[in-house]
Amino acid sequence: MLIYIFYFFIAIVTIQLFYYLGIFGKFAFGKPQNITQQNIPVSVIVCAKNEEENVKKYIPLLAEQNYPDFEIVLIDDASSDETLEVFEEFEKQYSNIRLVKVQNNEAFWGNKKYALTLGIKASKKDYLLFTDADCYPTSKEWITSMTSQFTEEKTIVLGYGGYEKERSLLNKIIRFETVLTAVQYFSWAKAGLPYMGVGRNLAYKKEEFFNVNGFIEHIQVRSGDDDLFINQAANKANTTIAYNPESFTYSKPKQSYGDWFIQKRRHVTTANHYKFFDKIQLSLFYGSQLFFFLLVIILLSFQFQWIAVLALLATRYTIAWTVMGFSAGKLRERDLKIWFPVVEIVLIFTQINIFITNIFSKPVHWK
């Protein structure tokens, strides 16, 4: 019996090495990107619901971008706080701000996709750049850096949306999970199989939105205005990535494990609507992670082929650690490298907990 478990372990290690070297290595060891200002007309779109304090701080950072031709479309999604009033003041202050006021609609109650659709239709530029109301760019060259990756063929650009650094284990877990997710969607995009992006930092040509009839195909799913749209619209020919540090955005991470857990539950639920191949490749990666640790424990407990098991364990960790280290460096998250072994295990148990919890209850969505 143990011999078959050992053979299964070898297969699991092979799958892990395929992901880390064959897929994730495409991003980890890729060349740095160049930035060339293209000056294409851009509409920066921000949808907010009850984000009064955040928009006060972050909208001026968007308005002060060093870019010659852009507008900012501010969408107030029926806020109950002072978000709309703050937006109206910004509209008076900046000539390139366009305000979209969304009233609650019975058919689309609390649906962010409905609000975003109104904002996209109101935009006047051919290229759209999205970020969230609680996000801010790392520099005044954010628009330049993101749009520099557009070409005649590449009309979708996937960016990186990170989280601020804090001195806590939870912060390292959140940031590492964000890096791992980015490495996955960046790497699969480089492999010609893009499957998701994040609304904290995402750009595409407006025609891509209308080519797939916007969010209609998944309008009943409350979340997914970013990843489900990309899963539907992106392909090898039209999608590229932006990972120059000037293209990054940041936001404040959740302050408690419970709040972050709820957030991740929403993300996992949305992934259930991905294309079949994308669900399989994600399941295979996370499943192989779990089985890797379980099989190591079983085989070492019985001291079966322990030298070979330890050799495979060391090989897998060396390669995975190296790939994630280079990737974290590219995303300016170098401090996470030493935490890889600990955080990886925590994330595996978190994913198991999310899977079980989502079976018995549905997560809450847009505010």
Q. Is there a donor-acceptor contact under 3.5 Å from the side chain of Tyr185 to the main chain of Leu158?
A. no

Q) Would you say Asn50's side chain and Ser80's backbone share a donor-acceptor pair under 3.5 angstrom? A) yes

Indicate the ring-plane relationship of [X] and [Y], choosing parallel, tilted or perpendicular according to the 30° and 60° boundaries.
X	Y	value
Tyr4	Tyr7	perpendicular
Trp188	Tyr19	perpendicular
Phe293	Tyr317	perpendicular
Phe340	Trp321	tilted

Q: Could you verify whether a donor N or O on one side chain and an acceptor N or O on the other, from Trp260 and Gln255, lie under 3.5 Å apart?
A: no

Q: Apply salt bridge (Lys or Arg N to Asp or Glu O under 4.0 Å) to Glu88 and list each qualifying residue two or more places apart in sequence or on a separate chain.
A: Lys101

Q) Any idea which heavy atoms bring Leu282 and Gln184 closest together, and the distance? A) CD2-NE2, 3.7 Å

Q: List in chain and number order the residues that pass side chain to side chain contact (heavy atoms under 4.5 Å, CB included) with Glu207, two or more places apart in sequence or in another chain; answer none if no residue qualifies.
A: Lys205, Asn211

Atom pairs and distances, side-chain donor-acceptor, residues 21-35, under 3.5 Å, sequence neighbours left out:
{"from": "Gln33", "atom 1": "OE1", "to": "Tyr243", "atom 2": "N", "distance (Å)": "2.7"}
{"from": "Gln33", "atom 1": "NE2", "to": "Gln149", "atom 2": "OE1", "distance (Å)": "3.2"}
{"from": "Gln33", "atom 1": "NE2", "to": "Ile241", "atom 2": "O", "distance (Å)": "2.8"}

Q: List for me each residue that meets ring-ring contact (aromatic ring centres under 6.0 Å, His included) alongside Phe291, sequence neighbours excluded, and say none if there are none.
A: Phe8

**Q.** Pairs where residues 35-47 contributes a residue and the test side-chain hydrogen bond (donor to acceptor under 3.5 Å, both in side chains) is met, not counting sequence neighbours
**A.** Gln37-Asn39, Gln37-Thr144, Ser43-Glu71

Q. Under the ring pair (Phe, Tyr, Trp, His ring centres under 6.0 Å) criterion, do Tyr114 and Phe215 qualify, and how do the steps go?
A. CA-CA 8 Å; Tyr114 171 68; Phe215 304 123; over 10 Å; no

Q. Asn66 and Trp142: side-chain hydrogen bond (donor to acceptor under 3.5 Å, both in side chains), yes or no, with the steps?
A. CA-CA 8 Å; Asn66 181 25; Trp142 171 59; over 6 Å; no

Q: Give every residue pair that meets the salt bridge (Lys or Arg N to Asp or Glu O under 4.0 Å) criterion with at least one member in residues 244-261, sequence neighbours excluded.
A: Glu164-Lys252

Q. For Phe277 and Tyr195, what are the C-alpha separation, side-chain angles and deciding distance, and is it a ring pair (Phe, Tyr, Trp, His ring centres under 6.0 Å)?
A. CA-CA 9 Å; Phe277 173 81; Tyr195 73 93; 9.2 Å; no

Q | Full working for side-chain contact (heavy atoms from CB on, under 4.5 Å) between Val102 and Asp76 | A | CA-CA 6 Å; Val102 179; Asp76 174 62; over 6 Å; no

